[in-house]
Student: 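What follows is a structure written as structure tokens; I'll ask about it next.
First the proteins, then the strands, lettered A, B, ... as listed; each starts at 1. Below, each value reflects all heavy atoms present in this structure, side chains not excepted, and no hydrogens, waters or symmetry copies.
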Amino acid sequence: MTNPFAPELLAWYEQVAAELPWRGSDDAYRVWLSEIMLQQTQVETVKPYYARFLAAYPTVEALAAAPLDDVLKQWEGLGYYSRARYLHRAAQVVVSDYGGRFPATADELQKLPGIGRYTAGAVASIAFGARAPVLDGNVIRVFSRLLDLPDDVTLPATRTKLWQTAEDWLPETRVGDYNQSLMDLGRLICKPRAPLCGGCPVRAHCLAFQRGTQHQRPVKTPRAETPHYDVTAGLIWNERGQLLIAQRPLDGLLGGLWEFPGGKQEPGETRTECLKRELREELAIEVSVGDLYARVRHAFTHFKITLHAYTCRYVSGEPQALGVRAWAWVMPDALDAYSFGKADRQVIAEMRARRAMLL
DNA sequence: AATACGGGGTT
DNA sequence: AACCCAGTATT
């Protein structure tokens with residue numbers, strides 16, 4: 001099946017293609033790094049992270065040789081931290097199994113940790129010119145409008161059909177440019193809420209535009225409401241003016257990041273009880289819980305939390321890493337060397353604001 | 001097939 | 001506040 005709109009799309013791409021830091025290089029390492037960062041993350045958010053990361057790790061060998069904790073620190077704030085772990089592991093596999101050179105086909109790339117079908121197609125086509133399709137949120141939206149697709153795009157069966165369409169429409173040449181032009185079109189023109197159909201280079205081929213249904217595409221089932229949890233955290237001081245911090249397990253939420261120890265409040269439990277229980281379970285220590293120091297709200301994808309941070313005094317028990325990966329006593333000024341999630345960073349910002357007021 | 005997994009931008 | 005974003009891995 002020949003692509004009905006590729007010439008117009010590519011011509012548009014040459015005119016308006018955004019200058020992006022990861023474009024203009026076919027270095028597979030750079031393409032791969034950008035694609036991992038861009039998973040579920042907008043272009044503008046990625047730009048500063050990409051520049052810093054590349055400066056810290058200019059080659060896949062440098063990344064493979066780095067400690068994971070350093071990589072996580074570079075990733076701090078970007079979210080979906082499993083990406084950083086897989087990135088690190090994949091770099092080590094590329095160095096050890098492939099002599100530091102990325103495999104050039106989508107099938108081989110997809111065997112690497114953190115590379116699924118989308119990223120495999122993106123790297124293969126952009127870095128190696130392979131004839132492999134991509135299907136991301138942008139492309140799903142563009143295709144659902146071009147086809148005026150009434151199917152629910154959140155359903156796996158619909159995704160399968162869309163992947164097939166992506167494959168069917170793949171041009172013979174310039175596949176990397178074509179894939180990127182499709183994503184640029186989705187990002188800049190074929191926007192979710194208010195598509196700029198007047199400036200669309202392929203509107204002559206768009207069934208939804210012809211029928212005026214572009215605002216009803218894509219069809220998706222709304223997301224379930226997110227629950228709210230109350231979470232406690234201890235600002236535990238020792239006599240040397242140090243704070244106790246703990247590193248979360250590698251698996252799960254905020255994996256590998258540091259935090260002020262604590263946890264989710266259970267039904268029928270006061271916050272003081274919750275905090276003392278969590279500190280016993282995770283670190284085997286006893287503290288006296290003092291005043292509420294800060295209250296912070298934060299939204300994750302699947303739930304919201306209110307984080308209640310209490311000033312605590314360390315009482316007894318050498319900390320043990322029972323439910324955490326590691327622990328450390330650190331001076332407040334040394335906190336920046338560790339990676340924290342956004343909620344704990346808000347608590348740290350509050351500490352600094354209050355200290356600044358005192359000076 | 002359904003769910004877990006961040007954080008920021010847009011509307 | 002809801003929706004969206006250059007998705008992947010696990011169960």
Student: Using heavy-atom distances to pick each residue's nearest nucleotide on DNA chain C, tell me which of L38(A) and P113(A) is more 5'.
Tutor: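 It is L38(A) whose nearest nucleotide is closer to the 5' end.
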Student: Do M183(A) and W32(A) belong to the same hydrophobic cluster, where Ile, Leu, Val, Met, Phe, Trp and Tyr are linked whenever their side-chain heavy atoms lie under 4.5 Å apart, directly or via other members?
Tutor: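 No.
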Student: Does any part of the side chain of W75(A), heavy atoms only, come nearer than 4.5 Å to the side chain of Y80(A), both counted from C-beta?
Tutor: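 Of all side-chain heavy-atom pairs linking W75(A) with Y80(A), none is under 4.5 Å.
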Student: Are the ring centres of F260(A) and F340(A) closer than 6.0 Å?
Tutor: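 Under 6.0 Å, so yes.
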Student: State whether Y49(A) and R52(A) meet the cation-pi test: NZ (Lys) or CZ (Arg) under 6.0 Å from the six-membered ring centroid, and within 45° of the perpendicular axis.
Tutor: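 Yes.
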Student: Find out whether the Lys NZ or Arg CZ of R117(A) is both under 6.0 angstrom from the six-membered ring centre of W163(A) and within 45° of the ring's axis.
Tutor: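 Yes, a cation-pi geometry.
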Student: Can you identify which nucleotide, out of dG9(B), dT8(C), dG6(B), has its nearest atom closest to the Q42(A) side chain?
Tutor: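 When the side chain of Q42(A) is considered, dG9(B) is the closest of dG9(B), dT8(C), dG6(B).
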Student: Side chain of R325(A), backbone of L250(A): donor and acceptor closer than 3.5 Å?
Tutor: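 No, the answer is negative, given that no donor and acceptor are paired below the 3.5 Å cut-off.
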Student: Can you measure Q39(A) atom CD to dG7(C) atom C1' for me and round it to whole angstrom units?
Tutor: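 Rounded to whole Å, this separation is 5 Å.
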Student: When you measure from every atom of DNA chain B, which of residues 221-232 of chain A have a heavy atom less than 4.0 Å away?
Tutor: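 Contacts with DNA chain B under 4.0 Å: none.
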Student: Under 4.0 Å, counting only non-hydrogen atoms across every strand here, what does L254(A) touch: a base, just sugar-phosphate, or nothing?
Tutor: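 Sugar-phosphate only.
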Student: Pick the closest DNA chain B nucleotide for K191(A) and for S82(A) by heavy atoms, then say which residue is nearer the 5' end.
Tutor: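 Here S82(A) is the residue nearer the 5' end.
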Student: Got a donor-acceptor pair under 3.5 Å from the side chain of Y80(A) to the base of dG6(B)?
Tutor: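 By the distance-only test, yes, there is a pair.
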Student: Is it true that L188(A) and L9(A) fall in one hydrophobic cluster, defined by side-chain heavy atoms closer than 4.5 Å?
Tutor: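 Yes, one cluster joins them.
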Student: How close or far is atom P of dT8(C) from atom CG of D251(A), stated in whole angstroms?
Tutor: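 Rounded to the whole Å, the gap is 19 Å.
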Student: Has R313(A) got a side-chain atom pairing as donor or acceptor with G290(A)'s backbone, closer than 3.5 angstrom?
Tutor: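 Not a single qualifying donor-acceptor pair exists.
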Student: Does a nitrogen or oxygen in the side chain of T119(A) sit under 4.0 Å from OP1 or OP2 of dT8(C)?
Tutor: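 T119(A) to dT8(C) OP1/OP2: side-chain N or O found under 4.0 Å.
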Student: Quick check: closest heavy atoms across V60(A) and G100(A), and the distance to 0.1 Å?
Tutor: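 Heavy atoms of V60(A) and G100(A) come nearest at CG1-O, 3.6 Å.
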Student: Quick check against the 3.5 Å criterion: does R352(A) have a side-chain atom that pairs as donor or acceptor with the backbone of P332(A)?
Tutor: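 Confirmed, R352(A) side chain pairs with P332(A) backbone.
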Student: When you measure from the centre of the six-membered ring of Y293(A), is the NZ or CZ of R354(A) closer than 6.0 Å and no more than 45° off the axis?
Tutor: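 R354(A) over Y293(A) ring: yes.
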Student: What are the residues of residues 126-156 of chain A, sorted by number, that bring a heavy atom to within less than 4.0 Å of DNA chain C?
Tutor: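 Under 4.0 Å from DNA chain C: D136(A), G137(A), N138(A), R141(A).
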Student: Which whole-number value in Å describes the distance from R89(A) CZ to dT8(C) C1'?
Tutor: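 Taking CZ of R89(A) and C1' of dT8(C), I get 12 Å after rounding.
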Student: Nearest whole Å is fine: how far is dA6(C) P from D177(A) CG?
Tutor: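 In whole Å, dA6(C) P lies 18 Å from D177(A) CG.
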Student: Nearest heavy atom decides the nucleotide; on that basis, is Q40(A) or A194(A) closer to the 5' end of DNA chain B?
Tutor: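 Its nearest nucleotide being more 5', the pick is Q40(A).
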Student: Using modelled atom types and a 3.5 Å cut-off, is there a donor and acceptor pairing between side-chain atoms of R280(A) and backbone atoms of E286(A)?
Tutor: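 Not confirmed, R280(A) side chain does not pair with E286(A) backbone.
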Student: Would you mind classifying the nucleic acid contact of W32(A) as base, sugar-phosphate or nothing, using non-hydrogen atoms under 4.0 angstrom?
Tutor: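 Nothing, no heavy atom under 4.0 Å.
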Student: Considering only atom P, compute the distance from dT8(C) to dG9(B) and round it to an integer number of Å.
Tutor: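 Pairwise P distance, dT8(C) against dG9(B), rounds to 23 Å.
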Student: I'd like to know if T45(A) reaches the base of dG9(B) with its side chain, counting only an N/O donor and acceptor under 3.5 Å.
Tutor: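 Answer no: no donor N or O sits under 3.5 Å from an acceptor.
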Student: Would you say a side-chain N or O of Y81(A) is under 4.0 Å from OP1 or OP2 of dG7(B)?
Tutor: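 The answer is yes; a side-chain N or O of Y81(A) sits under 4.0 Å from OP1 or OP2.
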Student: For the side chain of E44(A) and the base of dG9(B), is some donor closer than 3.5 Å to an acceptor across the two?
Tutor: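 Side chain to base: no pair present.
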Student: Check DNA chain B against residues 294-306 of chain A and give the residues with a non-hydrogen atom under 4.0 Å, in numerical order.
Tutor: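 H298(A), F300(A), T301(A), H302(A) - these, ordered by number, are the residues of the stretch whose heavy atoms sit under 4.0 Å from the strand.
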Student: What interatomic distance, in whole Å, is found between P of dT11(B) and the corresponding atom of dA6(C)?
Tutor: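 The same atom, P, in both gives a distance of 13 Å.
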Student: Whole Å only: how far is the CG atom of L253(A) from the C1' atom of dA9(C)?
Tutor: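 For the pair L253(A) CG and dA9(C) C1', the rounded distance is 15 Å.
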